[in-house]
Structures are given as structure tokens and as C-alpha cells.
2 protein chains.
Amino acid sequence: MAPIVDPLEDLPGYALRRASAAIMAKLAARLTDLGLRPSEASVLLIIDANPGVTQSGIGRLLGIARANMAPLTARLAGRDLIVREAAGGRAHGLMLSDPGRRLTRKARRVIAQLEAELIERIPAGQRSAFLRALKALFAGW
Amino acid sequence: MAPIVDPLEDLPGYALRRASAAIMAKLAARLTDLGLRPSEASVLLIIDANPGVTQSGIGRLLGIARANMAPLTARLAGRDLIVREAAGGRAHGLMLSDPGRRLTRKARRVIAQLEAELIERIPAGQRSAFLRALKALFAGW
DNA sequence: GACAGAATGTTATAGTATATAGCATAGCAA
DNA sequence: TTGCTATGCTATATACTATAACATTCTGTC
């Protein structure tokens, strides 16, 4: 029978989508062992690097809407991974608890391992250009 | 106040996710004018290039599970964009109807326009390497 | 000080994509 | 004939995202 023709094969936008889906599926699978979703892990990393940051601030950085940050941080707080302290206005300053710090360390290792496997697939001479190109694609849109 | 530090900034996997999300949001917004979702548009393009292809064949090509192809093709058939013909076994050979062909042409133009805007953001000398790198990231996982 | 506007957090709801499990049907091979 | 495989379909669950609406608190201006 005739092989199937793929008209999307050479579209960078489509390749971008497939590549992202593949990486995210792998990340989600590995984070499941820690009881974390990808979005939760990224929030933990942001809080670790910015103690006292507010939900809205995290949302702006990660491109997550305020409305979606609420249940996310509620889950993390419910598991005692983060603590909230009043920070002026209605804002809560978010900080990691001790168990939160330990889990964040593990999550960071999982992420670093996956990123390393990803980078291995890009020729060494093209890695910085590749990252620059990706950043250019979501900056300003 | 101290600027927020972004520990994810230089991770290609994270940049990949953000870039993909940005492009997909833009694509979804433009396809809404045609009453199509991204996945529906890609299915129409596959059928157009492979008349008589089965649902399962499309799913394998696009990475969509059989179970999710069923409601997708049902919607397209319900709008009389595709017709199904018996093709041995339980398989349906899918073909575009005349209105389906017209809509597919429009969808192709929308996609081509977006891809062109995307490519503009990549330096000309890096475009083929960029596409190759993306393909390497989802091949074999 | 009073008031309008902006920012924050929250709830509720919906839409899109994806995954798994299970089932029925049809073809194929031993 | 029997068993295996492929296909199509349904149901269900999970992530992520999007919008709308609301209350609360701060800020800037008069």
C-alpha cells in the first residue's frame, strides 16, 4: 500500500508542538513519582529562588493566570510544602517549608536530568542558538 | 523591590514548552474563525493528502490515540466536512467532501501564514538546523 | 479624609487535549 | 474452527487553560 504522506512534516510550528508534547509527557511521568505535576514543580522552583514572592508574581513569570494559581498554591499549602504569610494588601508571601525544600531539591534533580537528556540530542555547536530561537518564539507574543 | 529571579530561564525544555504554548494559542485563535480546532485542522490536512486513510492511520501519524480520534472524526463528519466509506474490516476510508476541501484550503492558508511568521523570528542561516533539532526531540521517545 | 481605580486572591464554570480501560466487530493465520 | 490482531467506539479521568464575577486591600488624587 502507498505510504502515508505527512504534509505537516516540515512545519517548524508543528515540530515544536510535537517536541513539546513529548518532553512534557516524559516530565509529567517522572514527576508523578514525587507526587508533583509539572506546573507545581515549576512553582516550587520559583518560590525557592524568590522567597516571599506572591502568587500573582509567579503567575506573571510562568504565564499562568491568577485564577489558576489559586487552586495550585492551595494544593501545595494543603500538603504543607509552602507557607503563606501576609505581605501587604491581600498579597501572600510564599515560602518553602522544610519538607517543601526537600521535595524541591528532588524535583530540581528530575528536571535537570531531563534537560540534560534533551540537550544531548542537540549538536553541541547549536545549543545556544537553539535556546535563543526558542526564546524568540515566545517573547512578545 | 528585588527583581524576580527565573531559575527556568535557560532550560531549553521549559523554553520549548512556552514557545509551543504561545504558537498553539495563536493558531487556535486564528482557526476559531473557521470553526476549527488545531487538531481538527491537522486531521483535515492529512486526509486531503491521503484520501481514503483510516482513523487509526491518522492517529499514528499525529500521535493521537485511537480513542480520541473517534469523537474528532465524528464532529467533522457531523459537519459534512468528511465522508466515511467502508474500507475493509471495521476501517473507514476517510475523504474530504467539497465543503471540506474548501475549508481545508482556508485552514492551510492560516497555518502557512503562522508558520511564515514563526520562521521570520529565526535567523535565516539557522532555520534548517532548528527544524532538525525539533524533530530529533520527538523522534524515538 | 473621601473617593476612584488598580491589584490581589478566590470561586465557579467551561473548553481542549490527552490517557486508560473496556467492549464489539471484522479480518487473518494457524 | 480457534485464537490473535486491528479497528472503531464509549466512558472516564487528569492537566492545563480561559473567562467571568466577586470581595478585599492598597494607592493616588482631589
Side-chain angles (χ1 to χ4, degrees), chain A residues 1 4 14 16-32 34-43 52-78 82 84-94 138 141, chain B residues 1 4 14 16-18 20-32 35-43 52-78 82 84-94 138 141:
Chain A
M1 51 175 158
I4 299 186
Y14 180 71
L16 188 61
R17 180 188 180 185
R18 292 296 299 272
S20 172
I23 300 285
M24 290 309 297
K26 222 172 178 43
L27 177 61
R30 296 190 190 180
L31 286 176
T32 295
L34 302 181
L36 289 176
R37 309 173 188 177
S39 59
E40 291 170 342
S42 57
V43 165
V53 70
T54 65
Q55 287 187 192
S56 294
I58 298 172
R60 272 188 296 272
L61 199 64
L62 296 180
I64 301 177
R66 262 203 332 275
N68 299 324
M69 286 297 302
L72 205 163
T73 54
R75 273 194 306 271
L76 296 177
I82 64 176
R84 319 190 203 191
E85 298 181 352
R90 296 198 64 192
H92 297 164
L94 303 182
F138 76 88
W141 289 30
Chain B
M1 50 174 153
I4 300 187
Y14 180 71
L16 189 60
R17 179 187 181 184
R18 293 296 300 272
S20 172
I23 299 284
M24 290 308 298
K26 222 172 179 46
L27 177 62
R30 296 190 191 182
L31 286 175
T32 295
L36 289 176
R37 308 174 191 175
S39 57
E40 291 170 341
S42 57
V43 166
V53 72
T54 65
Q55 285 187 193
S56 293
I58 299 172
R60 273 188 296 271
L61 199 64
L62 296 180
I64 301 177
R66 261 204 331 270
N68 298 323
M69 286 297 303
L72 205 164
T73 54
R75 273 194 305 272
L76 296 177
I82 65 176
R84 320 191 203 190
E85 298 182 351
R90 297 197 64 191
H92 296 164
L94 303 182
F138 76 90
W141 288 31

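In what follows, every chain begins at residue 1, and chains take the letters A, B, ... in the order their sequences are listed.
By the side chain to side chain contact (heavy atoms under 4.5 Å, CB included) test, A:R66 is found to be paired with A:S56, residues two or more places apart in sequence or in another chain being considered. Residues meeting the side chain to side chain donor-acceptor pair (under 3.5 Å) test with B:T73, sequence neighbours left out: B:Q55. Remark: A:R75 pairs with A:E40 by the salt bridge (charged side-chain N to carboxylate O under 4.0 Å, His left out) rule, at least two apart or across chains. Partners of B:A77 under the side chain to side chain contact (heavy atoms under 4.5 Å, CB included) rule, at least two apart in sequence or in another chain, are B:I82, B:R84. Listed by chain and number, the residues in a side chain to side chain contact (heavy atoms under 4.5 Å, CB included) with A:L62 are A:S42, A:V43, A:I46, A:I58, A:I64, B:L8, B:Y14 (sequence neighbours excluded).
If you take NZ of A:K26 and P of C:dT18, they are 18 Å apart, rounded to a whole angstrom. We find that CE of B:M69 is positioned 12 Å from C1' of D:dT7, with the value rounded to whole Å. When rounded to the nearest whole Å, the span between CG of B:L72 and P of D:dC9 equals 12 Å. As rounded to whole Å, 15 Å separates atom P of D:dT5 from atom CZ of B:R60. Atom CZ of A:R66 is separated from atom C1' of D:dT25 by 13 Å (rounded to the nearest Å).
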What does the list of N/O pairs under 3.5 Å between the protein and nucleotides 15-19 of chain D look like, with a distance for each?
unit_1	atom_1	unit_2	atom_2	d
D:dA15	OP2	A:R37	NE	3.4
D:dA15	OP2	A:R37	NH2	3.2
D:dC16	OP2	A:S39	OG	2.9
D:dA18	N7	A:N68	OD1	3.4
D:dA18	N7	A:N68	ND2	3.3
D:dA18	N6	A:N68	OD1	3.2

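Considering only side-chain atoms of B:Q55, the nucleotide from C:dG9, D:dT7, D:dC9 that sits closest is D:dC9. Considering only the side chain of B:S56, D:dT7 comes nearest among D:dC9, C:dT11, D:dT7.
Annotation for B:F138 and A:A22: closest pair CB-CB, 3.9 Å, computed over non-hydrogen atoms.
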